[in-house]
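This report refers to the structure that appears directly beneath it.
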Amino acid sequence: MLKSVIRVWIDDKSVYVQTNDGNIYHRQFAEFPLLRKATPEQRADFQWGKQGIRWDAIDEDLSYNGFINP
């Protein structure tokens, strides 16, 4: 069964992804240069969909595949 993302959220240091099998994955903003330099407001302004997470203000995209399987 393919994993599907059911929730995405952030805190002050990381972005989190929860999949339908109950697993939670996280990566620190420090791993991504654009997210590392972004303001807290810019980081909080994201959209997520079937393929990944998008931050329009900083022109950053993270695919779930790359996020879960670095």
Side-chain angles (χ1 to χ4, degrees):
M1 176 168 140
L2 291 176
K3 294 180 185 185
S4 62
V5 172
I6 61 169
R7 183 174 173 215
V8 174
W9 72 99
I10 65 167
D11 64 17
D12 60 336
K13 295 183 182 184
S14 301
V15 59
Y16 298 82
V17 170
Q18 182 177 4
T19 56
N20 64 336
D21 61 2
N23 288 321
I24 297 174
Y25 304 88
H26 78 280
R27 306 275 301 274
Q28 293 189 346
F29 294 129
E31 297 179 54
F32 307 99
L34 293 175
L35 289 171
R36 182 177 58 236
K37 294 186 231 175
T39 66
E41 293 79 17
Q42 289 171 319
R43 291 179 187 153
D45 185 21
F46 65 90
Q47 301 84 41
W48 60 283
K50 291 181 181 181
Q51 301 297 317
I53 311 162
R54 170 82 182 151
W55 286 265
D56 283 332
I58 59 171
D59 195 27
E60 176 72 307
D61 296 287
L62 298 179
S63 73
Y64 297 132
N65 187 41
F67 187 90
I68 294 171
N69 304 301

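Using a 4.5 Å heavy-atom threshold, the side chains of Gln51 and Asp61 count as separate.
For the residue pair Trp55 and Phe46, the shortest heavy atom distance occurs at NE1-CB, 3.5 Å. Residues Arg27 and Gly66 come closest through the heavy atom pair NH1-O, 3.3 Å. When all heavy atoms are compared, the tightest approach of Arg7 to Trp48 is N-CH2, 3.8 Å. What you find for Ala44 and Ile10 is that their closest heavy atoms are CA-CD1, 3.5 Å.
Taking CG of Leu35 as the start and CG of Leu62 as the end, the distance is 6.0 Å to the nearest 0.5 Å. Here Lys13 contributes atom NZ and His26 contributes atom NE2; the two are 11.0 Å apart, rounded to the nearest 0.5 Å. Remark: Arg54 CZ to Asp59 CG distance equals 4.5 Å, nearest 0.5 Å.
Residue pairs satisfying the salt bridge (charged side-chain N to carboxylate O under 4.0 Å, His left out) criterion with at least one member in residues 34-47, sequence neighbours excluded, are absent.
Using a distance-only test at 3.5 Å, with no hydrogens or angles considered, no donor-acceptor pair links the side chain of Tyr64 to the main chain of Ile53.
Counted within 6.0 Å of CD on Glu31, heavy atoms from surrounding residues, nucleotides or ligands total more than 12; the atom is thus considered enclosed.
A donor-acceptor pair shorter than 3.5 Å can be found between the side chains of Asp21 and Thr19.
Linking Ile, Leu, Val, Met, Phe, Trp and Tyr residues whenever their side-chain heavy atoms come within less than 4.5 Å places Phe32 and Ile68 in a single cluster.
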